[in-house]
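Here the structure is laid out as structure tokens; the discussion comes afterwards.
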Amino acid sequence: MNNLTHLLTLAREAAAKAYCPYSHFAVGAAVESTDGRFYVGCNVENISYPVGTCAEAGAIAAMIAGGSTKIKTIVVYASSAQLITPCGACRQRIAEFSVPETLICLADDNGIRRQTGIQDLLPDSFTEF
Ligand code: THU
């Protein structure tokens with residue numbers, strides 16, 4: 001099994017654990033860090049809607065807590081007709097922990113449907129102050 005296949009499996013498994021009683025839209029994310037470790041996250045909603053967190057946020061938080069610092073590849077999966085793309089806030093989160101080669105893979109039940117980079121998803125992002 002190659003790493004992309006493994007990441008897709010991890011993202012799907014994470015989505016199966018999503019806590020999404022309000023939207024009923026389960027999302028899973030899986031990160032391989034540049035030091036070769038794997039981290040997962042799912043969306044975790046809240047009755048106070050803005051408190052909910054995205055799958056990408058969970059996976060990135062797990063990566064940082066696990067001691068890794070940069071994303072080599074992130075797979076984001078949802079079983080949806082329209083291919084998922086990360087929300088604006090998660091694009092900024094991914095940008096924070098990206099390297100120029102970071103690969104962002106968007107997946108549905110047919111597998112990984114799009115491979116892109118943060119420059120495409122978040123051009124001209126806020127990087128310095
Ligand atoms: N969601 C994610 O977890 N990741 C995305 O990339 C898009 C949206 C979640 C947030 C919310 O729990 C649900 O999907 C519907 O927006």
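The chain is numbered in sequence order, starting from 1. Just so it is clear, the structure is predicted and the values come from calculations on it, not from any experiment. Read the numbers this way: they start at 1 and go in the same order the structure lists the ligands and their atoms.
- Expressed to the nearest 0.5 Å, how far SG of C105 lies from CD of Q115 amounts to 4.5 Å.
- For the side-chain contact (heavy atoms from CB on, under 4.5 Å) with Y77, the lone residue among I112, V27, D109 that qualifies is D109.
- Looking only at side-chain heavy atoms (C-beta outward), T102 and K70 stay at 4.5 Å or farther from each other.
- With a 4.5 Å cut-off on side-chain heavy atoms, S33 and T69 do not count as touching.
- A donor and an acceptor atom, one from each side chain of S48 and N46, are nowhere located under 3.5 Å apart.
- A tilted orientation is assigned to the rings of Y22 and Y49, their planes being inclined by 30° to 60°.
- Listed as neighbours of ligand 1 are S23, F25, V27, N43, E45, C54, A55, E56, I84, T85, P86, C87, each bearing a heavy atom under 4.0 Å from the ligand.
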